[in-house]
Amino acid sequence: MADIRENWRGLVAAALESLRQAKAPDAPAVEAASVSLETPPDPAMGDVGFPMFPFAKLFRMGPPQIAAEVAKLLADNPETASLGTVKQVGPYVNAFLAKGTLAGDTLGAILAGGDEYGKPGTLAGKRVMIEFSSPNTNKPLHLGHLRNDALGESVSRILKFCGAEVYKVNIINNRGIHICKSMLAYKKFFAGKTPESEGIKSDLLVGNCYVRYSQYSKEEPEKAEAEAQELLRGWEAGDPETLELWKTMNGWAEKGIAQTYKRTGISFDKFYYESDTYLLGKDKILEGLEKGIFYREEDGSVWVDLAPINLDKKVLLRKDGTALYMTQDIGTAIARNGDWPFNQLMYVVGNEQQYHFKVLFYILQKLGYDWAKDLYHLSYGMVNLPEGKMKSREGTVVDGDDLINALRDGALEEIAAKGREEAVGDPSEVAEKIALGALHYFLLQVSPAKDMVFNPKESLSFTGNTGPYLQYMGARISSILRKEEAGGRSLEGGKVDPSLLTHDAEWELLKTLGDFPKQVIRAGENHDPSAITSYLYEVSKGFSRFYHDCPILNAGSPDLARTRLELARAVRIVLRNAMNLVLVPFLETM
Ligand code: ARG
């Protein structure tokens with residue numbers, strides 16, 4: 001949409017330039033950039049306006065006089081015919097845009113582009129590695145992970161849509177004290193049990209062990225802690241029995257977590273494992289120690305001094321030489337750059353780890369990696385349920401699977417209440433997609449930095465600014481198109497003629513559709529999918545208005561009916577493309 005305005009700016013500049021050649025031959029040429037582009041206060045005065053004040057001195061003429069000459073030159077220029085009409089308004093040259101040309105350009109671009117429509121190409125050639133989800137293998141995914149997963153997957157899709165090469169990675173934090181806590185509880189309280197014997201999802205069994213450990217550590221805090229530490233030492237020393245249990249329980253955790261990823265449409269190009277990278281981290285820390293980048297305390301532990309970044313100090317290796325969370329992240333980052341050199345590595349991780357990433361990036365820079373400047377923490381806020389805070393330690397964690405199941409059941413009820421079971425085909429499949437649409441749209445609607453409350457009931461509402469409402473819009477348009485393709489009644493002989501789309505509602509809708517690439521750029525630049533969710537809502541409102549004000553079948557002429565139908569098809573394309581970016585499944589029927 002912006003293009004035709006730019007065309008006008010170019011033509012105005014060209015007219016000014018020919019005026020300059022006549023009036024001020026010694027002055028430098030007029031360039032398009034020196035012509036400002038404004039929007040007149042009243043559309044009756046024109047769609048775009050170009051003030052002539054800046055040229056008064058140059059031409060030694062009054063601005064209205066210049067405007068009159070430029071307007072005349074433009075009116076005589078055959079190039080302006082397809083772009084609209086021009087008029088002098090006081091010191092301004094104003095243009096009325098040719099709606100037909102604009103409508104034709106926009107409609108044509110969308111219908112020809114299809115799945116590709118809206119790709120701005122702004123990040124072509126850029127290699128972005130993005131880490132998200134990154135669970136610990138001591139429990140299933142919870143509501144916080146669902147926000148993380150939605151954000152990571154959505155930002156990945158948006159950056160890819162902008163033309164970047166995107167590599168999605170995950171770090172499975174599969175070692176360390178928290179894993180040993182689940183293992184300890186298993187040995188003490190669940191020995192011999194399996195997911196099969198319990199009839200539960202495999203990651204849930206591991207999670208139940210973790211909850212049981214919390215209880216145990218409340219009863220006997222010192223004993224529990226000592227026993228868990230003992231297991232950790234055994235693990236690092238390679239004790240076969242400990243390693244065996246570790247493998248089994250990690251297998252359970254990962255298998256269950258992978259099922260949830262599959263269900264929610266989240267995927268990764270590569271999984272990293274802390275157990276593979278922490279030793280590399282240790283080596284690099286010892287190298288840094290030799291070079292004097294880090295220092296050893298009397299008890300043998302290794303530290304980094306953070307005074308240069310106005311922080312305290314951070315331990316990198318414990319006194320017994322065992323690794324910490326930071327240790328493995330150093331190794332993981334180095335391994336990643338070796339595997340897939342990137343222009344940027346983005347970590348999607350909660351804002352409670354801001355300190356951790358600040359320190360991590362500093363350490364990597366101190367170690368001399370020039371790519372340390374390309375590391376970025378995409379930090380996001382907490383997500384709670386209306387009832388209050390979720391806390392895993394108390395065992396009241398909001399399990400991700402449970403939440404999606406509840407949403408699915410709610411959607412199923414809604415389908416039944418509306419008597420749509422037959423119409424939708426497979427109600428449970430459709431209900432699952434509505435649940436994901438509700439979940440993802442609600443989570444992504446809030447800018448990442450903000451804390452939020454996930455309201456399951458609101459998210460599922462079929463009206464208002466929700467995922468299901470957009471899915472309903474998409475299904476409605478699909479049904480209109482289906483009917484027409486089958487019957488074609490009033491379209492007989494109709495031809496597409498975008499110049500017929502002159503109704504305000506059509507015009508506004510087209511402008512919104514033409515805005516899609518800009519919104520994608522904005523979402524990509526800010527790493528904020530909420531630009532897309534707001535945009536989707538605009539599109540659906542625009543369509544509602546159009547559908548209400550501009551009858552398709554009773555348009556009055558076959559050409560207009562056919563053209564409006566194509567406009568509806570264009571809306572469907574944009575909805576589909578945008579919904580895909582925010583992980584809201586498109587539904588043909590609902
Ligand atoms: N597994 C960690 C946790 O649950 C998050 C990992 C974030 N990523 C990283 N590279 N440190 O807290």
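This chain uses plain numbering: 1 for the first residue, then up along the sequence.
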Going by the rule side-chain contact (heavy atoms from CB on, under 4.5 Å), which residues pair with S134 if we only count those two or more places apart in sequence or in a different chain?
E131, N170, I171
For S530, all residues meeting side-chain contact (heavy atoms from CB on, under 4.5 Å), sequence neighbours excluded:
S447, D528, T533
Cation-pi check, [X] to [Y]: give yes when NZ or CZ is under 6.0 Å from the six-membered ring centre and within 45° of the ring axis, no otherwise.
| X | Y | value |
| --- | --- | --- |
| R175 | Y278 | yes |
| R336 | Y272 | yes |
| K284 | Y369 | no |

Can a donor-acceptor pair be found, under 3.5 Å and without considering hydrogens, that links the side chain of [X] to the backbone of [Y]?
| X | Y | answer |
| --- | --- | --- |
| D203 | L141 | no |
| N343 | R127 | yes |
| Q445 | N465 | yes |
| S214 | Y210 | yes |
| T466 | S461 | yes |
| T264 | T260 | yes |
| N351 | M382 | no |
| R576 | F586 | no |
| S544 | S540 | yes |

So with a 6.0 Å cut-off around [atom1] of [X], is the heavy-atom count from everything else above 12?
| X | atom1 | result |
| --- | --- | --- |
| K450 | NZ | no |
| E422 | CD | no |
| K358 | NZ | no |

Any idea how [X] and [Y] line up, ring-wise: parallel (<30°), tilted (30 to 60°), or perpendicular (>60°)?
| X | Y | answer |
| --- | --- | --- |
| W235 | W246 | perpendicular |
| Y469 | Y472 | tilted |
| Y167 | W340 | parallel |
| F516 | Y535 | parallel |

Can you name the closest pair of heavy atoms from [X] and [Y] and give their distance?
| X | Y | result |
| --- | --- | --- |
| H377 | V349 | NE2-O, 2.8 Å |
| V128 | M346 | CG1-CE, 4.4 Å |
| S202 | G256 | OG-N, 3.4 Å |
| S182 | C209 | O-CB, 3.4 Å |
| V383 | G144 | CG1-CA, 3.8 Å |
| A438 | P468 | CA-CD, 3.7 Å |

Going by distance alone, is a donor N or O of one side chain under 3.5 Å from an acceptor N or O of the other, for [X] and [Y]?
| X | Y | result |
| --- | --- | --- |
| Y216 | E227 | yes |
| D329 | H356 | yes |
| T137 | N174 | no |
| Y325 | Q353 | yes |
| T248 | Y186 | no |
| E236 | T322 | no |

Any side-chain heavy atom of [X] within less than 4.5 Å of one from [Y]?
| X | Y | value |
| --- | --- | --- |
| T589 | R482 | yes |
| Q471 | Y441 | no |
| Q215 | F189 | no |
| L403 | L439 | yes |
| V446 | R147 | yes |

Among V582, L575, L587, find the one that has a side chain to side chain contact (heavy atoms under 4.5 Å, CB included) with L470.
L575
Which one of K201, R408, K139, K262 satisfies the salt bridge (charged side-chain N to carboxylate O under 4.0 Å, His left out) criterion with D401?
K201
CD1 of I179 to CD of E274, rounded to nearest 0.5 Å, is 7.5 Å
Looking at F132 versus F268, is the centre-to-centre ring distance below 6.0 Å?
yes
Under-4.0 Å salt bridge between [X] and [Y]:
| X | Y | answer |
| --- | --- | --- |
| E588 | R572 | yes |
| K541 | E538 | yes |
| K168 | E153 | yes |

